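First up is the structure itself, then whatever we jot down about it.
Just so we're clear, the structure is a prediction, and the values are computed from it rather than from any experiment. Heavy atoms only: backbone and side chains are in, while hydrogens, waters and symmetry mates are out.
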Amino acid sequence: MRVLVVGGGGREHAICWALKKSPKVQELYCAPGNGGIAGVAECVPIQVNQFEEIGEFAIDNAIDLVVIGPDDPLSEGIVDHLEAKKIPVFGPRQNAAILESSKVFSKDLFKKYNIPTAAYESFDDYEAALSYLRKQTIPTVIKADGLAAGKGVIVAQSMEEAEKALHDIMVTKIFGDSGNQVVIEEFLTGQEMSILSFVDGHVVRPMVPAQDHKAVYDNDKGPNTGGMGTYTPLPHIPQSVIDEAIETIIKPTAAAMVSEGRPFRGVLFAGLMITPQGPKTIEFNARFGDPETQVVLPRLKTDLLDIFVAAVNGHLEQMDIQWSDEAAVCVILASEGYPGSYPKGLPIEGLSDVQDSFVFHAGTALKDGQIVTNGGRVLGVTALGKDIAEARAKAYADADRIRFQGKHYRTDIAKKALV
């Protein structure tokens, strides 16, 4: 088969890396790709929002399957656009991708179908939102309704911080139209857990659970990022809790989307909090997570292409999906200043010195034959091991072998699993 992956980050590198292992993949393309993806797929200079060009490329190159990586093109209807051209595509249609692109929609869905989630209210009027906010307990959570590159959620530790966040989102419009509506919700405490699932509408096939680290600094300090590292499995979370999350949250959400006339086909990503009252939903994403994908796919033993094709054709119930017992840990190497402003174009050294890890490129470019930084999160160093401790030691040893000016990473990824 001839496959085109759309996207250019660490998630897409991991997807391309996994697809490359399939004996059924004859040609693999990635649009636009990045400096690392170029090592496993032919990069095509088409941006993720250029739907016409992506469709034309797929037709001209006899592409058998298009795989959509990022959230923005999904929310803008790339799947509908390609399906209209009779191009097979893995990912949810626009009316299902709304589960991620509108937090108000998803929270209202959870309420309607009694899916466990944090208490909340949504607002499109700043003064009304401010009045409600001032009656809430601290800490509290303020979310821009729309997509905001993983940065549209503020956990406010003081009322002053909460009021500033609300003003920034709804009045200053730091996230543009994504802040036309906001969700103000209770702050949940407990362990976070991410469960990604392959879904073909009715059938849900969960992947192995992972845990992300959102804050930029050690001990979960500092502003939220798109994710500074992740690991799987979660030895400190009982299997009974994982099963409860699947049965009370993930499967009911997929069923609710069918009931709403919005069947979800693709990867359904549940961001969960294990509270004293049991698992609750923080959010759903409509695609592979980043950086969760970088630890989940290395544990997948089944051919990823076979799973994609089964989901697209509605045959997921026939798939026997197998996972390795190994542990995986991913450490993100970020640019100095991230998640604020950061430099680009800095040379990256030491990639050939890596010994025990896969290095997934998130924000890199190829410039005059040299890999250089081109994003906030630059590289994801992922290692496998017989347990978390071994995988963690390998990933950190290789993270230290890679060098670029201002390199920043957390030193406590997966530490919670060692207790």
Side-chain angles (χ1 to χ4, degrees), residues 5-21 28-41 43 47-48 67-74 91 147 149-151 194 196 207 210-214 216 224-232 267 269 271 285-300 304 328-335 338-339 342 344 346 348 350-351 354 357-366 371-384 391 394-396 398-399 402 404 407-410 413-414:
V5 176
V6 173
R11 162 187 46 226
E12 289 78 29
H13 192 179
I15 292 168
C16 287
W17 172 85
L19 286 170
K20 188 73 172 176
K21 296 195 290 184
L28 184 59
Y29 301 93
C30 189
N34 64 33
I37 292 173
V40 289
C43 292
Q47 298 306 308
V48 300
V67 179
I68 311 300
D71 43 10
D72 284 341
L74 290 170
L147 300 175
K151 302 184 185 77
S194 303
L196 287 66
M207 304 183 213
Q211 189 175 78
D212 189 14
H213 299 66
K214 285 288 185 202
V216 70
N224 266 0
T225 69
M228 290 299 293
T230 185
Y231 64 98
T232 175
V267 171
F269 170 137
N285 294 335
R287 35 74 190 178
F288 275 106
D290 186 352
E292 287 88 350
T293 308
Q294 289 91 301
V295 290
V296 169
L297 288 186
R299 291 187 59 198
L300 178 65
L304 182 61
V329 173
C330 174
V331 177
I332 297 293
L333 308 185
S335 294
Y338 175 78
Y342 49 82
K344 291 184 180 181
L346 302 172
I348 301 172
L351 288 169
V354 169
S357 306
F358 318 109
V359 180
F360 294 120
H361 291 232
T364 69
L366 200 52
I371 299 281
V372 299
T373 66
N374 195 42
R377 291 183 300 164
V378 180
L379 300 165
V381 182
T382 299
L384 291 167
K394 288 179 180 178
Y396 274 111
D398 281 328
I402 299 168
F404 58 87
K407 178 183 81 170
H408 163 69
Y409 61 90
R410 281 181 58 161
I413 303 301

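- A side-chain donor-acceptor contact under 3.5 Å links Lys407 to the backbone of Ala399.
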Legend entry - Candidate pair Thr225 and Arg377, rule side-chain hydrogen bond (donor to acceptor under 3.5 Å, both in side chains), full reasoning: CA-CA 9 Å; Thr225 69; Arg377 291 183 300 164; 5.8 Å; no
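- Listed by chain and residue number, nothing satisfies the ring pair (Phe, Tyr, Trp, His ring centres under 6.0 Å) test with Tyr342 (two or more places apart in sequence, or in another chain).
- Looking at Asp398, its side chain does come within 3.5 Å of a backbone N or O of Ser357 through a donor-acceptor pair.
- Ala41 and Cys16 make their closest contact through CB-SG, 4.3 Å (heavy atoms, listed as atom of the first residue, atom of the second, distance).
- Contact between Ser335 and Thr373 at its shortest, heavy atoms only, is OG-CB, 4.5 Å.
- Applying the side chain to side chain contact (heavy atoms under 4.5 Å, CB included) test between Arg287 and each of Asp72, Asp71, Thr293 identifies Asp71 as the sole match.
- Summarising the geometry, atom CZ belonging to Phe288 is positioned 9.5 Å from atom CZ belonging to Arg11; distances are rounded to the nearest 0.5 Å.
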Legend entry - Residues Tyr231, His213; criterion ring-ring contact (aromatic ring centres under 6.0 Å, His included); working and verdict: CA-CA 9 Å; Tyr231 64 98; His213 299 66; 5.7 Å; yes
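- We find the OG1-NE2 distance between Thr382 and His13 to be 10.0 Å, quoted to the nearest 0.5 Å.
- Here the straight-line distance linking atom CG of Leu333 with atom CG of Leu379 works out to 5.5 Å at 0.5 Å rounding.
- Put simply, the side chain of Asn374 never gets that close to the backbone of Gly363: no donor and acceptor are under 3.5 Å apart.
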Legend entry - Trace of the side-chain contact (heavy atoms from CB on, under 4.5 Å) decision for Val5 with Ile15: CA-CA 8 Å; Val5 176; Ile15 292 168; 4.2 Å; yes
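- In this pair, Tyr396 and Tyr409 present their aromatic rings tilted. The plane angle is within the 30 to 60° band.
- What you find for Cys43 and Pro32 is that their closest heavy atoms are CB-O, 3.5 Å.
- To the nearest 0.5 Å, the span separating CE on Met228 from SG on Cys330 amounts to 10.0 Å.
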Inset, instruction - For side-chain hydrogen bond (donor to acceptor under 3.5 Å, both in side chains), just list the numbers for Ser194 and Glu292, CA-CA rounded to whole Å, side-chain angles, deciding distance to a tenth of an Å, and then say yes or no. - result: CA-CA 8 Å; Ser194 303; Glu292 287 88 350; 3.0 Å; yes
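- Here CG of Leu19 is found 8.5 Å from CG of Leu297. Values are rounded to the nearest 0.5 Å.
- Contact annotation: the side chain of Arg299 approaches that of Leu384 to within less than 4.5 Å [non-hydrogen atoms, C-beta and beyond].
- The two residues Val48 and Ala31 come nearest to each other via the heavy atoms CG1-O, 4.1 Å.
- The shortest non-hydrogen separation linking Ala395 to Val331 is CB-CG2, 4.1 Å.
- The side-chain heavy atoms of His408 and Val216, taken from C-beta on, include a pair separated by under 4.5 Å.
- Between Val296 and Ala210 the shortest heavy-atom distance is CG2-CB, 4.3 Å.
- Atom-to-atom distance recorded for Thr364:OG1 and Leu351:CG is 8.5 Å, nearest 0.5 angstrom.
- Between Val381 and Ile402, the closest side-chain pair of non-hydrogen atoms falls below 4.5 Å.
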Inset, instruction - Carefully, step by step, assess Phe269 and Met207 under the rule side-chain contact (heavy atoms from CB on, under 4.5 Å). - result: CA-CA 10 Å; Phe269 170 137; Met207 304 183 213; over 6 Å; no
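- Of the residues Ile371, Val378, Ile37, the one that meets the side chain to side chain contact (heavy atoms under 4.5 Å, CB included) test with His361 is Ile371.
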